[in-house]
**Q** 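Supplied in structure tokens, the structure appears directly below.
A note on names: the letters A, B, ... follow the listed sequences, proteins ahead of strands, and every chain is numbered from 1.
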Amino acid sequence: MDADGSTSKQRNRILGSRAEPITFSYQEPKQPIQESNGGETEDQRTEEGQNLKPGNSESGYKYSSSMEAEDVSPKLAQEAFQNSNIICPICEETMVSLYQLNQHIDDVHQSSDANADGRDTNNRQLSTRRKGKEHVSSADSKGAANSNTRPARRRVKLDVLDSNRGFSISSDTDNEASLSDDPAVSPRVKSGLHLSRRHWRQPSNDIQCYDSRCRRFLNIKNGLVNCRKCGNLFCNIHCNKKVRLRNSDDNEGTQYDNSKNGVWARCCDKCYFEKPDLKLGTQVKMNDLTEEFMRKRALSTDKKELDRIKIQKRFIKLANLHASHYLSQLSSNRLSSAFLSFIRPTDDIFIESEKEIVGPNNWQDDKKITHCNICFTQFNILLRKHHCRLCGRIVCDNPLTEQQPCSMNVPIGSLMNILPDLNYSDQIIANRKKLMEADSPSLFLRFCASCKDVLLSDWKVSQDNVKHETVFQYYDRLLVLKHQLSVLKPRFENSIAEFNAQEANKLRLKVMNISKDFESQVWAFRNTFFANSGDRWVVMQEYADIGGLLQNIYSASSFFLQEFLLDLKELNSKLQSKETATVRKNKDPASDRPKLTKKQIRELRDSLMVMQEQKFLIENTIEKFTKLRKFDELVPLMENRDELDVAIKDLEQQLGEFGF
Amino acid sequence: MTLDLSKVSSTYFDKLFVSKKGEQGSMRGKVLLVDKYTTPIISMCYTQSQLLQQDVILVEMIDQQRTSNVKHLDCVVYIKPTKESVSSLVRELKNAHYSKYEIYFNNSVSKSQLEQIAEADEHEVVLQVVELFQDYLIVNNHFYSIYLSGTENFVTDETSSLCSLLLSLKKCPIIKYENNSINLKRLGSEVLYHINSNSQNNLFDDLNQNSASPPLLLLLDRKNDPITPLITPWTYQSMIHELIGINRNIVKVGTPEESLILSDASDAFFQEAMYLNYGDLTDKFQRYVEEYKKQTKSSSVENLKTQNLSELKKLLTKFPEFRKLSNNILKHLNLISELDRQVTVQNLWEVSELQQIIACNLENYSSIKTKMIELLDKPSISTENKVKLVLLYSAKFIGECKSNGDLSLFLHKLSDSSLSDPVITISQSKLIQNFNKIFNFSSSMTGDGNVNNIGRFFGGKKININLFSNSSNANNTTNNIYMQYVPKLNNIVGDIMSKSQSHSSTTFSTLIPDVVSQQYGKSIENLQDIIIYIKGGATYEECRLIHDLNASTDRFEIILGGDDVLNSKVWLDKLYDQVNDASLGSGSGISYATSSDQTRDLL
């Protein structure tokens with residue numbers, strides 16, 4: 001402890017007097033600390049870095065002191081000389097020789113202070129600095145005789161300096177220089193953040209470069225560099241990459257940091273290639289907007305849903321109104337209905353109630369509207385105004401508009417046919433059939449195009465093209481089979497890989513069957529939709545409009561089939577070779593035979609039973625013959641029995657545990 | 001690999017077409033609706049059989065009128081969020097023909113467009129809406145090309161395409177541009193604005209969180225290196241483009257014309273051979289053919305007879321593979337023989353040698369001049385090749401051309417019908433006379449006049465960088481007279497990689513987006529990912545160069561692209577247009593962009 005304390009004091013003194021321009025002398029090695037002491041705390045280390053950092057930017061930092069040299073006891077100096085680990089007191093780089101240390105300090109620390117920056121946003125930094133201060137003052141109070149207050153005072157001043165500096169631009173030059181400079185000198189981490197060195201491997205004699213491709217012995221010539229990330233020792237060549245690092249949260253090691261707070265530090269190839277961006281490889285961006293889209297759609301569909309309900313209701317009311325009128329007419333005077341319909345003042349009767357249904361406010365005034373609400377054509381004598389009975393807007397009925405006319409007269413009956421499930425009045429439901437077949441002009445209503453679309457939208461969506469039905473029946477079947485195959489195939493592969501012969505055989509059968517099915521479906525598909533002309537299959541005339549579709553389905557299926565069969569064959573041969581291999585293997589050690597399928601067991605048992613029966617019979621005859629003393633007949637019988645014995649034994653072996 | 005474009009295309013393919021496991025949707029066929037922008041993107045990245053494998057049984061244009069409802073099919077929509085395409089989509093959704101829709105955009109879509117589509121989706125048929133970012137074509141895995149169609153809003157289109165590239169790779173870059181180009185300045189600040197403005201739903205935030213240094217978007221202008229496209233290349237892919245022409249990975253060859261697809265993803269031989277020089281290529285091809293022969297010999301019909309049934313069966317299963325292989329061989333045989341024919345017809349050995357000599361300063365002025373005159377006197381050499389030589393010569397010997405009147409001598413020879421057939425056109429002679437002026441003019445305009453710009457293309461060679469002297473391209477150059485010239489791009493990228501400030505400090509301006517400076521502070525060091533964009537078009541030769549650079553270092557990742565893939569013909573056409581425009585217009589201040597616009601329309 002005592003020795004420790006004095007060393008740290010010494011360092012403090014040195015630091016304090018750095019402004020004095022004294023050249024570096026060979027006494028330096030007194031200062032290096034023995035790493036092996038282990039008594040040093042992290043605080044001390046960081047403190048060092050802190051102290052050095054703010055240096056005098058004009059003069060640079062000259063590291064030496066004659067004053068200190070006087071104070072150093074010869075004992076200490078000797079100790080340091082004996083010490084095989086020479087460490088730079090500033091950055092704690094391990095040095096091999098004094099000369100190297102000398103050069104290291106000249107190269108690295110002389111210029112670095114100029115670039116030192118006070119990136120002290122890091123709270124930890126501040127706190128460690130404070131700790132450092134405390135430590136120093138305690139060291140001072142412990143009172144080595146020659147210690148003075150200068151170091152502490154200075155440090156306070158430096159703190160102020162630091163905070164004044166704020167953020168500054170760091171340049172890479174000093175790191176860069178040290179990378180290419182003296183091979184034995186590794187770059188000093190920028191002093192703003194001091195990277196932890198706890199994870200560093202300590203050099204020993206005969207240490208090899210950690211890189212598996214290199215493995216050369218490390219020395220001054222090759223370099224002796226710790227990777228700042230993993231801490232292993234490397235030669236110069238295999239530790240010349242750079243990554244951004246910071247201390248890990250437990251301060252035990254370092255971790256990648258990609259923000260501006262990260263410190264560029266030397267690392268080995270492995271750590272370089274493990275940095276997050278290289279490890280992840282190319283990242284491809286996609287932006288899923290579905291949620292936002294759904295939200296927006298929900299907003300508009302709610303409104304539209306309301307609209308649709310409103311229009312549906314109006315339609316029901318209109319239908320009820322007109323149907324009841326029609327029906328009452330029909331029942332009251334069947335005979336004169338045709339006559340009456342001429343004189344009946346249709347418009348007058350209905351318009352009022354129709355207005356009522358739409359709502360008088362929605363019913364547009366003829367006088368105010370001069371242009372069609374949909375196509376914006378101006379009305380004239382030829383272009384009549386019409387009220388849409390569902391929304392009350394005034395539209396034209398110009399049949400010359402491009403897409404569909406702005407309004408049309410729609411028979412209620414056919415609409416009821418299309419929309420059978422609406423909540424019509426009982427009267428309508430009872431007379432539906434009659435209404436649908438009716439052809440009275442009073443059962444026609446004028447709707448504008450947009451209302452008609454809204455009314456019929458559900459129906460439209462449900463409509464499908466019947467013509468394609470057969471095509472898709474085939475296609476769906478193909479897809480189902482394809483799906484089954486693609487599910488089964490990996491299972492099959494797995495079972496082969498896992499030596500599960502029983503499972504594999506079962507799957508093989510299944511796969512073969514399905515693929516046969518698939519094949520026959522493909523042929524059937526081809527035969528239904530394609531005609532054979534010469535050596536080529538051409539889509540039949542009646543399906544010409546979906547020719548491309550058919551062609552694609554066919555080629556997709558046959559392509560899949562081809563590929564699949566190829567794969568299947570390969571798998572089968574793999575299975576076979578594996579099976580023969582296992583059979584061969586099993587002949588020697590009988591214990592590990594292939595598993596038998598149930599069917600096989602049954603068959604074997606059957607044959608065993610037959611054999612045993614025969615043996616029994618033969619033994620009986622043998623007994624009989626011995627009693628009768630027909631010895632000449634006994635010989636073939638005995639032979640027979642022996643053969644049967646062999647066969648039975650064989651079978652029993654095969655059956656193994658499944659025997660009787 | 002942090003900048004792997006093939007990864008982009010495969011990821012997007014999976015997203016677009018491969019249905020997620022366990023979904024019932026995998027049991028249905030699919031229709032793909034595309035627009036005119038996404039058609040080339042799809043066709044360059046994916047093959048028909050790839051699509052068929054994923055049950056995509058119908059590909060249609062979205063603006064087509066469809067009459068029949070096919071509710072048995074699901075629909076994948078992949079469009080660029082343009083006004084027309086979105087309104088087509090709206091029409092389609094209002095009148096849904098398929099049962100379910102998945103909508104993908106190849107660039108970021110605006111809020112109002114999304115709203116428009118949401119409103120149109122009355123029947124609630126849309127399952128998902130996803131933005132992918134591929135508003136560019138992937139040529140190779142490190143070579144992209146931006147496809148610009150309209151001439152209006154030129155810079156905006158270019159910017160959004162470049163941004164889609166950046167987004168697709170998840171890169172938010174710092175931007176460097178050559179500051180003697182006004183167009184680059186506009187483009188650069190436009191990209192910067194695009195990144196900085198929040199109109200993009202903060203898409204650019206947090207993109208760099210995994211990388212220690214920001215990527216670099218390097219904007220270059222073709223007019224700073226007008227020489228490279230003029231020099232005859234001698235590597236496979238470049239030669240195909242130069243002598244036959246590659247249009248979106250499709251080569252048309254032979255009579256009757258046959259379309260061949262060149263893709264390094266699906267063609268192993270091409271992948272290995274695309275960067276080989278002509279000599280190595282023919283060797284490689286021979287080996288390839290021999291290997292094929294060896295394989296097929298055992299399975300030839302005569303042999304089959306002698307073998308037993310099981311082996312016959314084995315061989316028969318291999319037949320499809322053999323057929324694929326033989327098709328591939330036939331394809332490359334076609335290409336190589338066509339290249340060979342062109343090389344002899346055009347006397348390319350001779351022409352190219354002189355090109356290299358001029359461009360790389362291998363001989364002195366007087367001997368080059370005699371060689372020039374010798375070649376110009378040969379009627380067997382095409383006029384176009386002669387023009388290229390004269391252009392090179394005039395760029396190289398500016399002073400000498402002026403003082404000795406070399407150009408007028410050459411022009412005289414070129415217009416002599418006994419020496420050149422056909423004689424040069426007016427625009428060609430105009431170009432020869434103005435070649436120096438065009439490129440002088442552009443640099444003096446930005447106050448960079450004291451730099452002898454043309455000379456620099458060549459001068460750069462001498463200061464060439466140590467970094468790659470051992471790389472593979474150097475191996476070629478050492479003894480191959482036809483491969484001496486190295487594009488200027490090498491110097492530029494080399495400067496950036498080695499951080500030597502020899503050129504870059506004077507010629508580049510840097511723009512740093514807010515997001516980047518927030519993350520990394522003001523100092524940018526230890527660059528790793530470099531995305532190069534050459535306005536005016538890149539060449540396959542430069543693509544090869546980048547490939548070599550990528551292979552020679554594991555510290556950098558570079559990808560290259562341009563708004564066109566140039567060969568000498570395309571480039572000359574652009575130049576003709578430019579001189580014609582210049583003489584038509586005021587004669588000064590011709591905008592490079594507008595002229596290249598028009599040529600792009602022609603192409």
**Q** Would you mind reporting whether B/Lys171 and A/Gln283 have side-chain heavy atoms less than 4.5 Å apart?
**A** no
**Q** Please classify the contact of B/Ser99 with chain A as side chain, backbone, both or neither, using a heavy-atom distance under 4.5 Å.
**A** neither
**Q** Using 0.5 Å steps for rounding, measure from the CZ atom of B/Arg555 to the OH atom of A/Tyr272.
**A** 7.0 Å
**Q** Could you verify whether a donor N or O on one side chain and an acceptor N or O on the other, from B/Gln528 and A/Lys242, lie under 3.5 Å apart?
**A** no
**Q** Taking C-beta and beyond as the side chain, do B/Glu115 and A/Phe293 meet within less than 4.5 Å on heavy atoms?
**A** no
**Q** Roughly how far, to the nearest 0.5 Å, is the CG atom of B/Leu93 from the CZ atom of A/Arg297?
**A** 9.5 Å
**Q** Taking side chain as everything from C-beta outward and backbone as N, CA, C, O, which of these in B/Leu127 sits under 4.5 Å from a heavy atom of chain A? Side chain, backbone, both or neither.
**A** backbone
**Q** I need the A/Ile553 CD1 to B/Leu58 CG distance, nearest 0.5 Å.
**A** 8.5 Å
**Q** Taking all atoms of both residues into account, what is the closest heavy-atom pair of A/Leu479 and B/Gly29, and its distance?
**A** CD1-N, 3.4 Å
**Q** Apply side-chain contact (heavy atoms from CB on, under 4.5 Å) to the pair B/Val130 and A/Asn287, showing each step before the final yes or no.
**A** CA-CA 6 Å; B/Val130 179; A/Asn287 194 15; 5.9 Å; no
**Q** Identify the heavy atoms of A/Met294 and B/Val126 that sit nearest to each other, and give their distance.
**A** CE-O, 3.5 Å
**Q** Main chain of B/Leu166, side chain of A/Lys285: is a donor-acceptor contact present, judged purely on distance under 3.5 Å?
**A** no
**Q** Keeping to residues at least two apart or across chains, list the ring pair (Phe, Tyr, Trp, His ring centres under 6.0 Å) pairs with something in residues 552-574 of chain A.
**A** A/Phe518-A/Phe560, A/Phe530-A/Tyr554, A/Phe560-A/Phe564
**Q** Under 4.5 Å heavy-atom distance to chain A, tell me which part of B/Leu3 shows up: side chain, backbone, both or neither.
**A** backbone
**Q** Quick one: does B/Leu73's side chain get under 4.5 Å of A/Leu549's, heavy atoms only?
**A** yes
**Q** Is the closest side-chain heavy-atom distance between A/Leu299 and B/Glu119 below 4.5 Å?
**A** no
**Q** With rounding to the nearest 0.5 angstrom, report the CD to CD distance, A/Glu305 to B/Glu124.
**A** 8.0 Å
**Q** Do the side chain of A/Thr290 and the main chain of B/Gln128 share a donor and acceptor less than 3.5 angstrom apart?
**A** no
**Q** Kindly compute the distance separating OG (A/Ser300) from CG (B/Asp121), expressed to the nearest 0.5 Å.
**A** 8.0 Å
**Q** Quick one: of A/Lys296, A/Glu291, A/Lys303, who has the most non-hydrogen atom pairs under 4.5 Å with chain B?
**A** A/Lys296
**Q** For B/Thr2 and A/Asp277, indicate whether the former's side chain and the latter's backbone hold a donor-acceptor pair under 3.5 Å.
**A** no
**Q** What part of A/Val480 gets closer than 4.5 Å to chain B, counting heavy atoms only: side chain, backbone, both or neither?
**A** both
**Q** Identify the heavy atoms of A/Asn552 and B/Leu52 that sit nearest to each other, and give their distance.
**A** O-CD2, 3.7 Å
**Q** Between A/Leu478, A/Thr301, A/Val487, which shows the greatest number of heavy-atom pairs under 4.5 Å with chain B?
**A** A/Thr301
**Q** Between A/Met286 and B/Tyr12, what is the shortest heavy-atom contact and its length?
**A** CG-CE2, 3.8 Å
**Q** Which region of A/Asp476, side chain (C-beta onward) or backbone (N, CA, C, O), has a non-hydrogen atom less than 4.5 Å from a non-hydrogen atom of chain B, or is it both or neither?
**A** side chain
**Q** I'd like to know whether CD of B/Glu60 has more than 12 heavy-atom contacts from other residues, nucleotides or ligands below 6.0 angstrom.
**A** yes
**Q** Could you tell me the separation between the CD atom of B/Glu122 and the NZ atom of A/Lys304, rounded to the nearest 0.5 Å?
**A** 4.5 Å
**Q** Is the closest side-chain heavy-atom distance between A/Lys482 and B/Asp55 below 4.5 Å?
**A** yes
